[in-house]
*Asks:* 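Quick one: the structure is below, and I'll ask about it shortly.
Chain letters run A, B, ... following the sequence lines, proteins first and then strands; every chain starts at 1. Heavy atoms only: backbone and side chains are in, while hydrogens, waters and symmetry mates are out. Because the structure is predicted, anything quoted here is derived from the model rather than measured.
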Protein chains: 2
Amino acid sequence: METRRTKQQQSIREVLAEAGRPMSVQEVFDAALTSVPTIGLSTVYRTIRRLAEQGEIAAVAVPGQPDRYELADVAATHHHHFHCTECDRVFDVRGCVGGLDRMLPPGFKLRGHELTLSGVCGGCAAR
Amino acid sequence: METRRTKQQQSIREVLAEAGRPMSVQEVFDAALTSVPTIGLSTVYRTIRRLAEQGEIAAVAVPGQPDRYELADVAATHHHHFHCTECDRVFDVRGCVGGLDRMLPPGFKLRGHELTLSGVCGGCAAR
DNA sequence: CCGCACAATGACAAGGATTCTCAATAACGG
DNA sequence: CCGTTATTGAGAATCCTTGTCATTGTGCGG
Ligand SMILES: [Zn+2]
Ligand SMILES: [Zn+2]
Ligand SMILES: [Zn+2]
Ligand SMILES: [Zn+2]
């Protein structure tokens, strides 16, 4: 089972790399269209799912909205997210918090955590 | 516009109140069926959406899965969540973390936050 | 270079979750 | 009780995501 390199996959990676923030499948699709006008939505879904399964990208959930995705090398630099309730965009924020183990009930095993701040982003606050 | 009290809505509230953890619409529906066997799935979606809009319940997002909901009075007692990657259930955990403002870029305004721990729950870990 | 094998694609069908529509029901004030 | 009308339940409709499959084109061997 070889793995072939295509312009579609390359485009999707570039979009995610240059975005600087987690993007939805639809957002990736729209952005990828400019560099590969014939790309299909199926391909974007397929590629993103595979990348996620392979751990190359990570999923970010926001209530009531489709998941967003970002490159794992960004995710590898441990960070968290900020959801602007005005424009619905999601931003990366650096830093973390400690002492999470102490929050767990006995018997539970901690493997990871996801912290999402919410409020108004710089752009929306300015207006 | 009066608001009428129905057994369906009462049942849904009871289910959420007695669950002790955030539940998906389907879970609420299944549970509500035992007390109101004729209840429709539409009614559960409708009621949960209205309760969420009115701020009586809060939504909890998990990547790749439908939102879960919990009563706001539970949510009001500030707490967070634990997602078991084995059984996919979501649990409430008490406690919080501080110093979140310091994580924000300049110009951003913090209104709230959501922290979701993940790992293996007590039940699954036992097996 | 050329051609083959088969991974990947794109268009569309299919599936699942959520919302919408509407006639029938039932809560509640009179 | 009665009438008004908020609410319900069933199904259609919509949105998001995955599956299917004939076609395309990558990567390798000749
Ligand atoms: Zn914004
Ligand atoms: Zn962290
Ligand atoms: Zn579990
Ligand atoms: Zn907190």
*Asks:* Are the charged groups of A/Arg50 and A/Glu56 less than 4.0 angstrom apart, N to O?
*Replies:*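 No, no charged N to carboxylate O under 4.0 Å.
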
*Asks:* Whole angstrom is fine here: how far is it from CD1 in A/Ile48 over to P in C/dG10?
*Replies:*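 Rounding to the nearest Å, CD1 of A/Ile48 and P of C/dG10 are 14 Å apart.
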
*Asks:* Tell me if a side-chain donor or acceptor on B/His80 pairs with a main-chain N or O of B/Leu115 at a distance below 3.5 Å.
*Replies:*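 Pair found, side chain donor or acceptor close to backbone of B/Leu115.
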
*Asks:* Does D/dG9 have OP1 or OP2 sitting under 4.0 Å from an N or O in the side chain of B/Gln8?
*Replies:*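 So the side chain of B/Gln8 is within the cut-off, an N or O lying under 4.0 Å from OP1 or OP2 of D/dG9.
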
*Asks:* Quick one: do B/Arg68 and B/Glu70 make a salt bridge, cutoff under 4.0 Å?
*Replies:*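 B/Glu70 and B/Arg68: not salt-bridged.
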
*Asks:* Polar atoms only, N or O, under 3.5 Å: list the protein pairs with nucleotides 28-30 of chain C and their distances.
*Replies:*
residue : atom : partner : partner atom : Å
C/dC28  : OP1  : B/Arg5  : N            : 2.8

*Asks:* CZ of B/Phe29 versus P of C/dT19: gap in Å, rounded?
*Replies:*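 Nearest whole value for this atom pair: 15 Å.
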
*Asks:* At how many degrees, to 10°, do the end axes of the helix from C/dC1-D/dG30 to C/dG30-D/dC1 meet when each uses five pairs?
*Replies:*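 Taking five pairs per end, the axes differ by 30°.
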
*Asks:* Over how many whole Å does the gap from B/Gln10 atom CD to D/dA6 atom C1' extend?
*Replies:*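 Distance check: B/Gln10 CD to D/dA6 C1' gives 17 Å.
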
*Asks:* Output yes when at least one side-chain N/O atom of A/Arg50 is less than 4.0 Å from OP1 or OP2 of D/dT18, else no.
*Replies:*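 Result: no.
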
*Asks:* Can you tell me if A/Lys7 touches the phosphate of C/dT9, counting only side-chain N or O atoms and a distance under 4.0 Å to OP1 or OP2?
*Replies:*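 So the side-chain polar atoms of A/Lys7 never come under 4.0 Å of the phosphate oxygens OP1 or OP2 of C/dT9.
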
*Asks:* If you assign A/Thr47 and B/Val25 each to the DNA chain C nucleotide with the nearest heavy atom, which residue ends up on the more 5' nucleotide?
*Replies:*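 Taking each residue's closest nucleotide, the earlier one in sequence belongs to A/Thr47.
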
*Asks:* Rounding to a whole Å, what distance do you find between B/Asp30:CG and C/dA17:P?
*Replies:*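 Rounded to the whole Å, the gap is 11 Å.
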
*Asks:* Using the benzene-type ring in the case of Trp, are the ring centres of A/Phe29 and A/Tyr45 under 6.0 Å apart?
*Replies:*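 No, they do not, as the ring centres are separated by 6.0 Å or more.
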
*Asks:* Please encode protein proximity along nucleotides 11-16 of chain C as a string of B, S and -, counting only heavy-atom distances under 4.0 Å.
*Replies:* BB----

*Asks:* Are A/Leu16 and A/Val44 co-members of a hydrophobic cluster defined by side-chain heavy atoms under 4.5 Å apart?
*Replies:*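 Linked within one cluster.
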
*Asks:* Just the rounded figure in Å: distance from P of D/dC15 to CD of A/Gln26.
*Replies:*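 Nearest whole value for this atom pair: 12 Å.
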
*Asks:* Do the charged groups of B/Glu18 and B/Arg13 touch, with an N to O distance under 4.0 Å?
*Replies:*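 No, B/Glu18 and B/Arg13 are not salt-bridged.
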
*Asks:* It should be established whether A/Gln9 places a side-chain nitrogen or oxygen under 4.0 Å from OP1 or OP2 of nucleotide C/dT9.
*Replies:*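 So the side-chain polar atoms of A/Gln9 do come within 4.0 Å of the phosphate oxygens OP1 or OP2 of C/dT9, strictly under.
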
*Asks:* At under 4.0 Å, does any side-chain N or O of B/Tyr45 touch on OP1 or OP2 of C/dT18?
*Replies:*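 Yes, because at least one side-chain N or O of B/Tyr45 sits under 4.0 Å from OP1 or OP2 of C/dT18.
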
*Asks:* So B/Cys121 and B/Phe91, do their side chains get closer than 4.5 Å, heavy atoms only?
*Replies:*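 Answer yes - side chains close enough.
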
*Asks:* Taking A/Lys7 first and then A/Glu14, would you say they form a salt bridge - that is, a charged N and a carboxylate O separated by under 4.0 Å?
*Replies:*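 The answer is no: the pair does not qualify as a salt bridge.
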
*Asks:* Using whole Å, report how far CZ of B/Arg49 lies from P of C/dA17.
*Replies:*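 It is 17 Å, rounded to the nearest whole Å.
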
*Asks:* Are the ring centres of B/His113 and B/His78 closer than 6.0 Å?
*Replies:*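 Centroid distance B/His113-B/His78: below 6.0 Å, so yes.
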
*Asks:* Quick one: does A/Ser24's side chain have a donor or acceptor within less than 3.5 Å of a partner on A/Pro66's backbone?
*Replies:*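 Answer holds: no.
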
*Asks:* Any sub-3.5 Å donor-acceptor pair from A/Thr43's side-chain atoms to A/Ile39's backbone N or O?
*Replies:*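 Checking the backbone N and O of A/Ile39 against the side chain of A/Thr43, no donor-acceptor pair under 3.5 Å is found.
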
*Asks:* With no hydrogens and no angle check, is any side-chain donor or acceptor of A/Asp67 less than 3.5 Å from a backbone partner on A/Ala59?
*Replies:*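 Pair absent, no side-chain N/O of A/Asp67 close to backbone of A/Ala59.
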
*Asks:* Rounded to whole angstrom units, what separation is found between the CG atom of B/Asp67 and the P atom of D/dC15?
*Replies:*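 My rounded result for the distance is 18 Å.
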
*Asks:* CG of A/Leu51 versus C1' of D/dT17: gap in Å, rounded?
*Replies:*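 It is 16 Å, rounded to the nearest whole Å.
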
